[in-house]
Every structure is written in structure tokens, then in C-alpha cells.
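For reference, the structure discussed in these notes is given below.
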Amino acid sequence: NAVAGIAAAWVTGNAIIYKPAANNTLLGHRLVGILREAGLTDPQLQFVPCLDNQIATKLLTSPKADAVITANARSTAQEITEKAPTLRQCSQPTGTTTAYLSASGNWERVVRELPQRAFRRSGQSPTCPHVLLVHAAMYDNQHFINALKDAVGVLRAEPGWREEAN
């Protein structure tokens, strides 16, 4: 989830302050190292390991913060809203899956499989991607965009308890 939020902020030209969960500090540090190897520089990505305490609250309530991307429980998102009511917030609940389509990816396969996987079992399958990140080359590929629109446009929404919804 952290990778998806950082990637979204990075590709849209935003500076990033990454504060991992306190129990994921070492993993977060390694992630930042990998992202730096990929080209994110110090001014673009700041790593701030800290507890969910006054320091975290200062980060959220700073007038310099425009938005926050979180991957946590609904109660945490509500708590953030209480502390920083004007802060734009994009929360991705824990347990969601992100997929990435690279410039050399097989977009025909993505178009064929993604809509079916995303809506299998009413979207509650642990393997179904809830977020699709696409490389700029794919985003600009009108064949891919049109094919994806067509594939999603024919889906039928059925209640999860109906057999044909599975």
C-alpha cells in the first residue's frame, strides 16, 4: 500500500513525507532505499519514522501539508479528519491490493482479466486488485483505454449472494 501511495504522489509531481507504521520502520527504510535507487531524490522523498504521537500529529496539521495518503482502518481516517479537517485525505483500507501495468506490459491480458477479477465475489477476493497503476505510455495508449472501457462497460453488478455474481 505504501508503494501505491508514494507512486501516486511521485507521478503527480508532489513531495512525499513517508511515515511508515511504527512496527514497519525497518521495512519502510528498505523501501525508501529501493525508491531512491529508482530515482526518487532526497527533496522529493523524506523518510520520517516515528510513533503515532505528537510528531505524527504535527506532520498532519502542518499548514505545509496539502494531502495525506493512508493505508489504515476507517477509525484512523476519522481521527485524522478530526485533527486536520481541511487536509485532503485519500485512504486505502488495509487489505487492498494494487496492480501495476508497465509500459511493456501485456495490456490485452489486463483488459481481459482485470474486470473479471476485480468484481469476482463482489470485489471481496483477496487476489483482486482494487487499484490499477498504469505507466504513462499505457495511459496514453487509446487502444488500451478504449478496450478497458468496453470490458468494464459490459459487466453486470449482481448481489454477492447470487451464484452468477461469482
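Note that the structure is predicted; figures quoted are calculated from it, not measured.
- Of the possible donor and acceptor atoms, none in the side chain of Ser62 sits under 3.5 Å from a partner among the backbone N and O of Leu59.
- Contact check for Tyr100 versus Val3: no side-chain heavy atoms found under the 4.5 Å cut-off.
- In plain terms, the two heavy atoms of Ala38 and Trp10 that are nearest each other are O-CH2, 3.9 Å.
- Ala15 approaches Pro43 most closely through the heavy-atom pair CB-O, 4.2 Å.
- Pairs passing the salt bridge (Lys or Arg N to Asp or Glu O under 4.0 Å) check and including a residue from residues 7-21, sequence neighbours excluded, read Lys19-Asp52.
- A continuous path of hydrophobic side-chain contacts links Leu132 to Tyr139 [ILVMFWY only; heavy atoms under 4.5 Å].
- Annotation for Cys50 and Ile55: closest pair SG-CG2, 3.8 Å, computed over non-hydrogen atoms.
- By the rule that hydrophobic residues join a cluster once side-chain heavy atoms approach within less than 4.5 Å of another member, Ile6 and Ile17 end up as members of separate clusters.
- The CD atom of Gln142 sits 7.0 Å away from the NZ atom of Lys149 when rounded to the nearest 0.5 Å.
- Here the shortest heavy-atom pairing between Leu133 and Ala7 reads CD1-CB, 4.1 Å.
- Among residues two or more places apart in sequence or in another chain, the side-chain hydrogen bond (donor to acceptor under 3.5 Å, both in side chains) test is passed with Arg36 by Asp42.
- Two residues are said to be in side-chain contact when any heavy atoms from C-beta on lie closer than 4.5 Å; Val134 and Val110 fail this criterion.
- Residues Ala84 and Thr61 come closest through the heavy atom pair CB-CG2, 4.3 Å.
- Listed by chain and number, the residues in a salt bridge (Lys or Arg N to Asp or Glu O under 4.0 Å) with Lys83 are Glu79 (sequence neighbours excluded).
- With Leu35 as reference, Leu40 is the one residue of Thr41, Ile16, Leu40 to meet the side chain to side chain contact (heavy atoms under 4.5 Å, CB included) rule.
- Leu101 approaches Asn106 most closely through the heavy-atom pair CD1-N, 4.2 Å.
- Using cut-offs of 30° and 60° for the angle between ring planes, the Trp107 and Phe144 rings count as perpendicular.
- Placement of Val152 and Ile145 within a single hydrophobic cluster is found when ILVMFWY residues are connected by side-chain heavy-atom separations under 4.5 Å, directly or transitively.
- At most 12 non-hydrogen atoms from other residues, nucleotides or ligands lie less than 6.0 angstrom from CG of Leu26.
- Rounding to the nearest 0.5 Å gives a distance of 9.5 Å between CG of Asp66 and OG1 of Thr86.
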